[in-house]
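Structure record follows, encoded as structure tokens.
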Amino acid sequence: MAAENMNREVVLSVKDLKVNFRAYGGLVQAVRGISFDLYRGETLAIVGESGSGKSVSIKAILGILANNAIIADGSIMYDGMDLTKVKEDTFHEIRGNRIGLIFQDPLSALNPIMKIGNQITESLRLNRKMKKEEAKKVALELMKSVGIPEPEKRFDQYPFQFSGGMRQRIVIAIALAGDPEILICDEPTTALDVTVQAKILELINQIKKERNLSVIFITHDLGVVANMADRVNVMYAGKVVETGTAEEIFFEPAHPYTWALLSSMPDLHTKDRLDAIPGTPPNMIYPPKGDAFAARNAYAMKIDYEMEPPMFKITDTHAAATWLLHPKAAANGIEMPAGLKARIERMKRSGALNG
Amino acid sequence: MADSQYILEVNNLCQHFSSGRGKKQLTVKAVDDVTFGVRPAETFGLVGESGCGKTTTGRTIIRLYNPTGGEVLFNGRDIAGKMNPDLRKYLTDNIAMIFQDPIESLNPKMTIEEIIGEGLKVRGMKDQAEIRKMVVDMLRKVGLVEEHATRYPHEFSGGQRQRIGIARAIIVKPKMIIADEPVSALDVSVQAQVINLLNDLKEEMGLTILFIAHNLSVVKYFSDRIGVMYFGHLVEVANGEDLYKNPLHPYTKALLSAIPEPNPITERQRVRIDYVPARDHDYSNEQPSMVEVEPEHFVYCSPSELAKYREQIAANA
Amino acid sequence: MMIDRNNLPEELLNLPDSAFESLHQEDIKDEKFQTKPVGFFKDAMIRLSHSKVSMLSVALIVLIILLAIIVPNITGYTYVEQNIELKNLPPKIPVLCDLGIADGGRVLEKRKVEALSDTSRYPEGCIIEIVKEYELKGVPMCDVKVDAYVYQGAPDDQYHWFGTDYLGRDLMTRLFQGTRISLLIAFFSVITNCIIGVVYGAIAGYYGGKVDLIMTHVAEILDGMPYTVVAILFMILFGAGMLSIVLALTITGWIGTSRMIRAQFYRYKGREYVLAARTLGVPDATLIFRHILPNCVGPLITRTMIAIPGAIFSESFLAFLGLGIKAPNPSIGVLLSNGQDVLLQYPYQVLFPAILISVLMIAFNLFSNGLRDALDPTKRGEE
């Protein structure tokens with residue numbers, strides 16, 4: 001995996017991005033210096049709770065931040081451009097055409113009084129300068145490829161005539177209309193039922209393979225992450241606290257926050273008391289000194305309250321920002337909780353059993 | 001299910017919503033012929049996807065809606081009949097509800113103290129100091145501090161608000177709680193807080209809980225028995241373990257096959273099962289009904305399906 | 001930027017061992033809030049005070065109200081005091097008159113030049129300047145600008161800042177007295193509308209179903225009645241006066257408010273917190289007034305603020321049609337109506353009431369826009 005990554009082409013590179021929001025309580029530091037690369041043909045999942053800055057960082061990539069947001073520092077390099085500095089006109093060209101977006105709520109992403117067909121062809125005719133007939137042909141193809149039965153009939157229908165899952169398929173078709181190379185999915189299945197969610201995830205995976213897309217997948221559902229992701233960024237309080245391949249994050253987590261996330265949710269086998277993460281995330285107007293997670297961390301050390309931990313490299317693809325990885329912390333003998341260890345063992349076994 | 005081992009008995013409950021009049025009348029059978037029972041101090045989970053009628057079932061039991069048909073017995077007393085002040089009092093004293101949306105379920109213009117203390121005031125408690133004391137006790141119980149009492153809901157995080165909602169429900173010491181998707185709107189990291197809190201309270205107060213949710217992993221962890229709903233019907237009721245190991249109804253199988261697990265190995269090999277009612281059932285000749293296929297395991301099925309399910313169980317054993 | 005654990009940079013390697021002492025945090029409690037509690041209205045007021053336009057309009061409204069209270073008492077005239085000799089005097093303001101502005105001057109056209117020296121017709125010192133000289137049928141004529149005050153025989157120290165009307169009444173006194181009455185009419189009618197609308201809309205919205213159906217139809221029938229006709233009917237019944245006008249403005253004015261309140265009730269009565277209160281056994285009245293109504297306060301205040309200039313305008317409109325308040329009482333509408341009769345000869349008689357009503361309406365409209373934004377819950381916390 002590691003060697004593979006070295007040779008792969010980076011399509012999007014975020015460096016030390018900082019985004020603040022003005023509010024009269026003060027400056028909310030929503031994103032506090034995150035860096036990551038997105039490679040061609042991979043799915044990068046960004047996991048974190050609300051307020052962790054995951055949505056804000058992709059909004060910065062798409063240039064759709066709210067008016068009171070300020071990009072304080074950093075760069076987003078895409079195709080030789082720094083997206084933090086390009087003009088709105090350039091963004092019109094990028095959004096939809098080169099970077100597609102799938103929203104959380106398919107209903108509000110569609111125009112309720114416009115026929116489905118026109119919503120798909122609109123972007124084709126605007127961005128790819130197609131004639132009406134040609135656009136319709138391409139749109140029907142797209143609808144077929146996202147699994148909409150009887151596309152000719154559905155072409156002239158309105159969003160309210162579609163179910164939630166079908167609407168999300170339309171949103172995906174619209175996102176694909178510009179033939180983008182990056183697809184950003186912002187919690188695309190949270191509003192959907194489990195059985196529908198499974199189908200949509202399958203669809204996104206299939207499209208990704210067919211088109212060799214790079215996908216940024218934002219979610220808080222670790223089950224979905226396990227299903228979709230090649231690599232995972234775990235975010236907390238505006239920072240990436242752990243990054244690694246899906247296997248590394250799920251089977252060899254290193255950051256206490258990742259431990260907590262993994263052990264806080266029951267799976268179908270859990271019987272013991274859950275390890276809840278106590279407390280609440282910090283107020284980002286006053287981000288704490290040191291490690292932002294320290295106050296909720298049962299394994300906190302003195303230094304966590306004094307100094308921010310750097311990203312410690314574990315393998316070429318795996319790194320985590322926790323002082324526990326400092327050689328001097330080894331004396332404390334802190335490792336992941338026993339319950340989580342047992343669960344990971346069980347997961348590995350069940351995987352081996354099925355395979 | 002007529003035996004009195006149940007604290008809450010729901011028999012053939014129907015809740016139909018109709019709009020329009022005459023020829024244009026449209027009836028939606030949100031809950032149709034639902035029958036189940038909940039034992040004292042147990043947690044009964046109700047799962048299903050959006051629109052399956054699980055929330056409506058809960059709201060009908062606590063009489064936010066007037067049921068179209070059927071009966072609901074609480075400790076043997078019918079609570080689905082005509083509403084009167086006496087029944088209202090019986091209902092509100094015994095059953096409380098926790099809601100889904102942590103933002104929507106607290107009045108934004110009231111302080112936390114007013115919100116939690118409201119149930120006490122309604123019950124005629126006048127002494128401000130005593131109310132305050134009980135509210136603060138309750139806040140501590142759900143892991144908040146006294147200083148929070150004077151604050152407004154919007155200042156709290158989702159998990160904290162949900163705990164406030166729980167405090168509001170249990171301050172009147174009900175025997176039963178209907179929890180309608182109490183964790184589904186919360187962040188993963190705080191869902192566990194709320195589940196643990198509910199578990200503690202359940203043990204401490206001997207609460208009976210009707211737990212309504214769409215997340216089968218959470219329901220399975222939290223509930224003793226589980227009912228699966230699909231389009232207004234209860235299709236399967238069983239012990240959590242049974243339901244997971246031996247799902248009989250094709251919809252239950254489809255639901256189980258769709259739950260994403262935080263395990264990249266199994267996730268990449270996942271085989272999803274589709275549920276298509278028209279293909280999976282043939283009800284042209286026979287009418288389905290709720291049948292106890294094996295002890296404690298009920299399935300909504302027709303006689304021929306019943307025979308098939310029994311064979312399946314025999315084969316598994 | 002990633003740090004190799006086996007090859008630590010100096011500053012990390014040299015961290016003291018003690019820093020890595022484990023704290024064994026067990027009982028982690030929720031944090032106390034670091035921010036101060038901010039209630040909904042406080043938040044709205046903060047945002048309102050940040051809006052310059054809103055603050056300017058508030059200042060204007062307050063200024064006009066203060067003027068309406070004070071001015072009629074300090075001009076030295078009353079709004080009924082007539083003096084036919086001094087009718088239609090132009091504005092004359094001390095200090096400014098020395099600069100040639102508002103000097104009480106009026107241009108008299110086609111006067112014989114020889115008559116100018118006749119002190120019985122042109123009292124001494126009344127002529128300010130001769131504007132134009134020409135000959136008409138062989139007679140030397142001129143247009144002459146005179147000080148109308150001296151010309152009409154007013155005492156030296158008499159000033160009418162806004163001039164006088166056709167009965168010689170001081171227009172400034174009448175204008176602010178009129179503002180007083182117009183504002184009173186507006187406040188009374190708007191408050192009555194508000195109360196009726198809230199109660200009616202709350203009942204219809206909360207109970208819904210048949211109750212709502214009947215109440216909505218009744219409102220629709222009332223809404224169909226043209227209010228000029230209703231106004232005339234009230235004039236016949238109660239005579240011209242404030243009561244009739246307020247009633248005329250009320251008979252249909254509350255319907256909009258009640259519709260808004262009804263819609264808000266429909267929106268909020270299904271909210272989870274209202275349901276939660278119901279499951280606790282909270283009685284209907286508490287649900288209506290404690291849980292649902294406070295959500296309508298924002299839109300209600302906004303609506304009321306918009307209704308005030310509307311009511312003032314409606315009153316002026318009625319006055320214009322001659323359905324105004326009973327003479328000699330002035331209102332802005334009455335003054336406008338009187339002024340437009342002599343618009344071409346004495347434009348200032350319309351000018352001042354027109355400016356005042358415009359400023360009043362713009363200020364109220366801007367203020368209510370500001371209020372609407374400030375009370376919009378979706379904009380909470382923004383700057």
Side-chain angles (χ1 to χ4, degrees), chain A residues 47-52 164 189 191-199 201-202 220-229 236 245-247 249-251 257 260-271 273-281 296 343-344 346-348 350-355, chain B residues 47-52 143-144 155-160 163 183-197 199-200 214-222 230 240-241 243-245 251 254-275:
Chain A
V47 203
E49 25 195 334
S50 44
S52 62
T189 57
L192 302 175
D193 286 321
V194 244
T195 53
V196 184
Q197 162 175 294
K199 290 178 198 165
L201 295 181
E202 255 171 43
H220 62 263
D221 187 333
L222 291 168
V224 174
V225 175
N227 185 303
M228 301 294 293
Y236 184 79
T245 64
E247 280 81 2
I249 296 292
F250 282 99
F251 296 145
Y257 178 65
L261 266 190
L262 285 170
S263 49
S264 67
M265 276 316 289
D267 62 13
L268 288 169
H269 312 275
T270 314
K271 293 210 174 54
R273 191 182 164 81
L274 298 172
D275 293 325
I277 309 178
T280 45
R296 303 173 71 189
R343 190 195 269 205
I344 289 173
R346 195 179 61 220
M347 291 201 303
K348 280 184 178 164
S350 76
L353 230 92
N354 287 351
Chain B
V47 272
E49 303 186 59
S50 52
C52 74
L144 295 166
E155 298 173 69
F156 293 85
S157 69
Q160 290 174 320
R163 284 185 268 151
V183 298
S184 55
L186 300 180
D187 272 317
V188 197
S189 74
V190 285
Q191 285 190 8
Q193 282 179 7
V194 172
I195 294 174
N196 282 345
L197 173 66
N199 251 336
D200 295 345
H214 69 267
N215 183 336
L216 202 49
S217 327
V218 173
V219 172
K220 172 154 183 297
Y221 170 74
F222 193 57
Y230 183 75
E241 211 53 42
L243 192 81
Y244 173 68
K245 288 207 175 107
Y251 176 67
L255 199 59
L256 279 168
S257 80
I259 302 169
E261 276 194 83
N263 181 348
I265 303 177
T266 49
E267 272 309 311
R268 283 173 193 155
Q269 304 156 342
R270 168 169 299 284
V271 183
R272 186 168 49 78
I273 303 169
D274 267 333
Y275 174 56

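Each chain gets a letter, A, B and so on, in the order its sequence line appears, and its residues count up from 1.
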Where is the tightest heavy-atom contact between [X] and [Y], given as atom of each residue plus distance?
X        : Y        : value
B:Pro260 : A:Val194 : CD-CG1, 4.1 Å
B:Asn196 : A:Ala276 : ND2-CB, 3.7 Å
A:His269 : B:Tyr244 : CE1-OH, 3.6 Å
B:Pro264 : A:Ala246 : CG-O, 4.1 Å

Report task. Without swapping roles, check the side chain of B:Asn263 against the backbone of A:Met347 for a donor-acceptor pair under 3.5 Å. Result ->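 Such a contact is found between B:Asn263 side chain and A:Met347 backbone.
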Check whether any side-chain heavy atom of [X] sits under 4.5 Å from a side-chain heavy atom of [Y], and report yes or no.
X        : Y        : result
B:Val190 : A:Ile277 : no
A:Lys271 : B:Glu241 : yes
A:Phe250 : B:Ile265 : no

Query raised in the report: Tell me, side chain or backbone of A:Val225 under 4.5 Å from chain B's heavy atoms, or both, or neither?
Result: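 Contact with chain B is absent: no heavy atom of A:Val225 under 4.5 Å.
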Query raised in the report: Side chain, backbone, both or neither: which part of B:Asn199 has a non-hydrogen atom closer than 4.5 Å to chain A?
Result: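 Neither the backbone nor the side chain of B:Asn199 comes within 4.5 Å of chain A.
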Query raised in the report: Of the backbone (N, CA, C, O) and the side chain (C-beta and beyond), which part of B:Leu255 lies under 4.5 Å from a heavy atom of chain A, both, or neither?
Result: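 Interface part for B:Leu255: both.
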I need the [X] [atom1] to [Y] [atom2] distance, nearest 0.5 Å.
X        : Y        : atom1 : atom2 : answer
A:His220 : B:Gln191 : NE2   : CD    : 6.5 Å
A:Thr195 : B:Ile259 : OG1   : CD1   : 10.5 Å
B:Lys220 : A:Thr270 : NZ    : OG1   : 7.5 Å
B:Glu49  : A:Leu192 : CD    : CG    : 10.0 Å

**Report entry** side chain to side chain contact (heavy atoms under 4.5 Å, CB included) evaluation trace for B:Val183 with A:Met265
**Finding:** CA-CA 11 Å; B:Val183 298; A:Met265 276 316 289; over 6 Å; no
Report task. Can you spot which of B:Arg268, B:Glu267, B:Glu261 makes a side chain to side chain contact (heavy atoms under 4.5 Å, CB included) with A:Asn227? Result ->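 So, applying the side chain to side chain contact (heavy atoms under 4.5 Å, CB included) to A:Asn227 and each of B:Arg268, B:Glu267, B:Glu261, only B:Glu267 qualifies.
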Query - chain B contacts, top residue of A:Gly48, A:Gly51, A:Ser264 (heavy-atom pairs, under 4.5 Å) - result: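 Between A:Gly48, A:Gly51, A:Ser264, the count favours A:Ser264.
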Report task. Could you check which of B:Ala258, B:Gly51, B:Gly158, B:Pro262 has the highest count of heavy-atom pairs closer than 4.5 Å to chain A? Result ->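 Maximum pair count with chain A is reached by B:Pro262.
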